[in-house]
Amino acid sequence: MPTLVIDNREVTVPEGMNVLDAAKAIDIVVPHFCYHEALGAIGSCRLCAMQFLEGPVQGVKMACMVPAQDGMVVSTSAAEAVELREHVIEWLMTNHPHDCPVCDEGGECLLQDMTIAGGHYLRRYRGKKATYTNQYLGPFIEQEMNRCITCYRCSRTYRDYCGGRDFGVFGSRNRVFFGRYKDGQLESPFSGNLVDICPTGVFTDKPFRFKSRIWDLQEAPSICPQCSLGCSTIPGGRFRELQRIRSGINQTTNGFFICDRGRFGYGHVNHPERPRDPRVDGLPVTMEEAITAARNRVDALAAKYGGASIAFLGSPRASLEGNLLLQAWAGRVGSSQSVFDAHQGRDHAARSLAANLASLARSLSDVRQSDLIILIGADPLAEGPSLALAIRQAVRQGSEVIVIDPRPVALPCAHQHIPLPPQLLHMVLKALESGQYDELNDAQTQPAVKTLRSKIAQAKLPVLIGGADMLGGLGVKLLCDAAKRFISAECNIGVMVMLSGPNSFGGAFLNIGGPDFDALIDAFQEGRVRGLVCLESDPFREAQFPAKAQAALGHLELLISIDCTPTLAAKRADIFMPSRATAEMAGSFINNEGRLQAFHQAIEPGMPLSALGPGKHPPRLFQSTTPGATPQPAWQILGQLLDRPADLNQLRRTLAAENPKLKALTHVDTTAARICAEPNGIAAALTHEMFSADSSAGNVPLLITSAFVGSHWLSHLSSPLKALREEPTVWLHPSLAATLGLKHGERAILSTTLGRCHVRVQTSNDMAQELALTYQLLDSALEGMSPGTIINCRLTGEEGQ
Amino acid sequence: MTLWRDIKGTLQPFWITLGYLFQKPVTIQYPEVKRTPPPRYRARIVLTRDPDGGERCVACHLCSGACPVDCISMQAAEDADGRRYAAWFRINFSRCIFCGLCAEACPTLAIQMTPDYEICNRDILNLVYEKEDLLIDGCGKDTQYNFYEHAGIGVANERGRNQDEYGPVDPKSLLP
Amino acid sequence: MASIMFYLLSLILLTATLLCIFQRNPVHAVLYLVLGFFSLAIMFYLLGAPLVAAWEVIVYAGAIMVLFLFIIMMLGLAPQDRPEGPGWQRWLPFVILMAAVLACTLVIIALDPAATAQGEPYSLGPQDFGEALFGKYALAVQVVSFQLLFAAVGAYNLGRIQRGKGKP
Amino acid sequence: MNTAIITVILTLCKLALIFGVVLSMAAYLVLAERKLLGRMQLRYGPNRIGPGGMIQPLCDVIKLITKEDFIPERADKWLFLFAPGLTALTALLSFAVVPFAPPVTLFGQELPMVVCDLNIGLLYLLGLSSLGVYGVVLGGWASNSKYSLLGAMRSLGQLLSYELAMGLALIPVVLSAKSFSITEIVMSQATLPNLVKHPLAFLIFMISVAAESKRTPFDMPEAENEIVGGFHTEYSGMRFGLFFVGEYINLIVIGAMVTVLFLGGWHGPLLPPVAWFLIKVLFVAFVFIWARGSMPRPRYDQLMRFGWTVMIPIGVINILLTAAVLLAINS
């Protein structure tokens, strides 16, 4: 713990901290560009100069490059240092164009701030400026290269931190250019971070281009609703339109960066088809009427057929408060039919995780520091992209990554891939747990698992990572059991499982002992359950076997839907009540490590101004009501229905009082405690239902999983992300492709019980043999295929028709 | 002597006001008599144009940011040639206090204030001026300035063709 | 006529004083007390002592009660919770009493009972009052005025700002 | 009985006359003040409505009546409603004892040109002027507003301090007239007005009466630029108008008091007595308006210090001197 003196103030900082951060610790901020907490120091911008008066280092030095040491006496205001900084900022500004008024960075531009802070206010340079030709970098990022001050932050972020390969530095001296070799879409799924990281306006948010100035944005800390990792985000909106999302800073989860799905996947909030008006039997009503109708009809149904005749379907994307109140409603009606996820495999996985995780829980920050990462049935880019970023940071520090998966899992870092068919994953886990390799008769797999065991035993901070789709409830339990096996004084092993939604863990925690959706489907068909209440969920699309679910749901007498997106359930509901999206409300989620996190309201709901009035021009006449502002937070709708407090804090207090395990709800913040359920509370049998394929002649088992873009409902509603959608594809091992007579890149016809469609064939050596793989793509022929299932298919070449 | 000074100081104003009572008031009888305000008088706001006729306003929101009463609102949009312009621009003159901070903040000299002070109206909606009400056909006080000739983003001229620019760099060249 | 009015005024005086005692709000209590002083003043006038009546109003209603009000306001003694319910019920007695006092005043001023009641034995003009004060009771008046002087000097001594010591 | 009825009728006539004259005078005094102040500041003052702005008072009244009568949320409602009336009432009642002309003989009986010639008329005036503060104080207190309360407290302190000086300034007048009756005081000035006999008392009276009626430069209770209108901050519409009218009736009352006590009342050459009385009253009113146009407002502590350390001692000395001189002349 070195102690040094900065500007006559003594400060003691941790070992290894640089002098720039030490100064920041006592609120002395010196202008700097290239240094970033996540990227480290390279001392290239020459702006953080300080005068070192006494101690081991002397003279004017770059503070970011000097580790704090005992006996240092540093001055930030020494004339020599100030003059140097002034000159440096003036040099940086010589080529900078005069276009702040038309630059989207204006208002959050580090260069603007640092120019003023550095004392440069008058351009003395009268010569000509260098100019560049811009590149097209895809639908997310707008480049304006003239503004560049060559701080290298972008290439360090894109290449070093995020592992992108298609972006770099060209040229020399004053011709340095940051970009791709040729125009085109940036390939990294983390390219949006260039917007946050660029200190000036070279890389700006393209969907947000010219929409607002940041000082006009309404912003609030929020949680990303796209996956279960619970990354911190800051949504910003204006004129009732959510216009951008930038990364929040939370060192325990995402750190400084988020993925492109989280950053650009906010389209569901402004979606033109978003239902905003309550309906009863297809007729528009007020929210109060809809609530009264919902209460009365549910009560009437309960009186007629008994409380158990109504089922309540929660959701992984509804807030914890909403799910809690839905359960309270079920309790009041006297129904025990309360489920939180329509997808049975994911439901089981989440419940299994909530019951078994306990102290095995690891955060993304733990993953970043891990020294051995084993992914079993996990595809981070599809299920939780920020995890891929965290794994890369671990690899950069020397960690080893082993992927055991039937899919060709793409990671932005070096890793060892063991392709195994899905049915073997459980056996690998069992073998890991028990050390018995008998079931693994594969000659390749046995030694691989053996080495794996020894590697885990030698590692200090290993993390086992799984995915809900591939493992299911049983797999998650096996994963946790396997991890427990290795716990020792030296080996601090942990587990992370990617679930389906931001509040999967919370929903599973609440419904740990309830029935599952398949049981409900049977009940619908038998007429035991006649009413269904859907809270921000869409059983028509999200069920593991959608066709079966749709047929069963036809038997319902009453369908009530509370949602903020145009789901099928919302369209078909007898009673519909519009709820608010995450950015429009306050609430809390429990992420996949059991961490209870709160989010705040950033914008007010309502029809965006740009969707109103002639030619996007706002109306001249004002009205006392905001058009489309009826949506209320789901917990508020349910709270009114159940006569609960309308104030969130009050509601949280009462809910915490009812459920002692949730007492953290009374003081939720970003570092709130983890929550875990009782391990023995699971009622439903943890079977694994994904294998319904038989490998009779001509049939190929088809594994369906999710893609980075296109399989997730919320991001599917976002138009900029559509550019990243792949065309329908089938992945095959080259040997299987050869057997079927298909070649890489060819088009083929995929026929299953769900229909026929045209797909592109891709082959990869990382695929498991004797298996085809495809992604669910919403709004395409592959829509009906639910991730986490294996069905029979036939593949024929197009010309074979 | 202070007492004498106090008494004098108390009585003197009486004498002065009595004197004023018989002088002609300086008030200008407004609706009948009108005065011509100086050219820099801060009254009705206009949006001016470039010397070549393009809109000067780039919808940078600096005027609305500077406005202490929040009477300016706008929405930026992009033209086919990359020019940033105001899709709509609205000044609510029933709220405006004519402080001139918007004209001060305007980086492109688009917002300027004119001496036209007679804009009272009984219908408040008539005081909400839209872009077509604000935009004039002229440069206003500065007849030379064209923002896009200095901005360096290739709107008025091609990239690198402005007077203070070199042509675009070829980053792939190996020449020194 | 005079005796009717006397009893009426006595009734008002007693009621006002009782109401004054039972008021929760000190400002309202002061108002009832002022009302009482009014009726007392009119009674004095009725009894042929207009000077005493005037002083009753000037000194008690006009100075002492004003001082009371000043203190009440300065200390913020008024209750913070204003009672709910129709306000007119709380103010009805005050309005009635006030109206009665005003009516009496008008009748007295219009008919001037001191003048009409022939040969009023107790009429006491300012001159008689002055002669009694500075003739018959001269010593008592001097003693009392000295006492007041002492009190004034004492109060000044307590309240003056001593040089160099700041405010007391 | 017949005479009694005639007396009552005549008294009522006098009341009506005074009421009408005083109210219309108050209305036009507002206009006069605004125009005079305007001219003193090289402006015109109101000149838009009617010839030279003569209908302005009517318009003001219409405006005040049609405005919303606003009552603050936690105000003491009844006291709040009652206070402005009290101010106007006490001001109006003062006229009962002011004689505006010598008694005339009508229907065979001598009719005093005063509503009620009390033998303690002066004390009556003093009593009413000290009661006038209740309207202000109760209004300020009942508004449940900090500014109003501050204004009320200022006017309380001001009244307490300057009432004393005012009383002291009147004693020489009473001494020389040997009566509290205002008619007799006027009679005693038939040859020489008290202004000449007691100039110091006149000065003290003018200053303290201005302070007591909250006229500029002693308008601390409503000092707009510090306490936003003071006691009437929360008042609007005709209730504010009542305060306003009360203030101007007060100005006329002061004019009348100065006239009868110091300027010799209705006495004067050539013109009829009522005219002299009116001229003198209006002149005094003008002097107060003139002072408003000329004098800045002192600080509150300066006002209190001036009252207690200058006015009252000078008043006492003046009484002693006057008594000594009168004693010397009489003996």
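Not measured: the values here are computed from a predicted model. Naming: A, B, ... by sequence-line order, numbering from 1 per chain.
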Report summary line: Residues A:Arg175 and B:Asp170: closest non-hydrogen pair is NE-O, 4.0 Å

Report task. Kindly check if the number of other-residue, nucleotide or ligand heavy atoms within 6.0 Å of CD (B:Gln163) is above 12? Result -> no

**Report entry** Under 4.5 Å from any heavy atom of chain A - which part of B:Asn162
**Finding:** neither

Query raised in the report: Is B:Arg161 atom CZ crowded by more than 12 heavy atoms from other residues, nucleotides or ligands, each under 6.0 Å away?
Result: no

Requested in this report: Decide yes or no on side chain to side chain contact (heavy atoms under 4.5 Å, CB included) for B:Arg159 and A:Asn146, but give the supporting numbers first.
Outcome: CA-CA 10 Å; B:Arg159 292 182 82 81; A:Asn146 286 357; 3.1 Å; yes

**Report entry** Distance (rounded to the nearest 0.5 Å) between A:Arg620 CZ and B:Asn92 CG
**Finding:** 9.5 Å

Requested in this report: Taking heavy atoms only and a threshold strictly under 4.5 Å, list by residue number the residues of residues 116-138 of chain A that touch chain B; give 'none' if the list is empty.
Outcome: A:Gly127, A:Lys128, A:Lys129, A:Ala130, A:Thr131, A:Tyr132, A:Thr133, A:Asn134

Query raised in the report: Is the number of heavy atoms from other residues, nucleotides or ligands under 6.0 Å of B:Phe14 CZ greater than 12?
Result: yes

**Report entry** Heavy atoms from other residues, nucleotides or ligands near CD of B:Gln23 exceed 12 (cutoff 6.0 Å)
**Finding:** yes

**Report entry** Cation-pi check, B:Lys172 onto A:Phe177 ring (under 6.0 Å, within 45° of axis)
**Finding:** no

Report task. Using ring pair (Phe, Tyr, Trp, His ring centres under 6.0 Å) as the criterion, list what pairs up with A:Phe264, not counting sequence neighbours. Result -> A:Phe140

Report task. Please determine, among B:Gly167, B:Ala76, B:Ala151, the option with the most heavy-atom pairs under 4.5 Å with chain A. Result -> B:Ala151

**Report entry** Donor-acceptor contact present, side-chain A:Arg213 to main-chain B:Ser64, <3.5 Å
**Finding:** no

Report task. Verify the neighbour count for atom CD of B:Gln29: are there more than 12 heavy atoms of other residues, nucleotides or ligands below 6.0 Å? Result -> yes

Query raised in the report: Would A:Asp104 and B:Arg84 pass as an ion pair if we require N to O under 4.0 Å?
Result: yes

Query - Evaluation steps, side chain to side chain contact (heavy atoms under 4.5 Å, CB included), between A:Trp215 and B:Leu62 - result: CA-CA 10 Å; A:Trp215 59 77; B:Leu62 281 185; 3.7 Å; yes

Query raised in the report: Taking side chain as C-beta onward, heavy atoms only, is A:Leu609 less than 4.5 Å from B:Gln75?
Result: no

Query raised in the report: Of the non-hydrogen atoms in A:Pro619 and B:Arg90, which two are nearest, and what is the gap between them?
Result: O-NH2, 3.2 Å

Report task. Could you have a look at A:Val176, A:Val102, A:Asn95 and say which one has the most heavy-atom pairs with chain B under 4.5 angstrom? Result -> A:Val102

Query raised in the report: Listed by chain and number, what are the side-chain hydrogen bond (donor to acceptor under 3.5 Å, both in side chains) partners of B:Arg42, not counting sequence neighbours?
Result: none

Requested in this report: For each of A:Gly171, A:Pro101, A:Ser212, tally heavy-atom pairs with chain B at distances under 4.5 Å, and name the one with the top tally.
Outcome: A:Pro101

Requested in this report: Evaluate whether atom OH of A:Tyr181 has more than 12 neighbouring non-hydrogen atoms of other residues, nucleotides or ligands under 6.0 angstrom away.
Outcome: no

Report task. Might you confirm whether atom CD1 of B:Ile97 has over 12 heavy atoms from other residues, nucleotides or ligands at distances under 6.0 Å? Result -> yes

Report summary line: ring pair (Phe, Tyr, Trp, His ring centres under 6.0 Å) filter on B:His150, not counting sequence neighbours, yields B:Tyr145

Query raised in the report: In Å, rounded to the nearest 0.5 Å, how long is the span from OH of B:Tyr148 to CG of A:Asp99?
Result: 9.5 Å

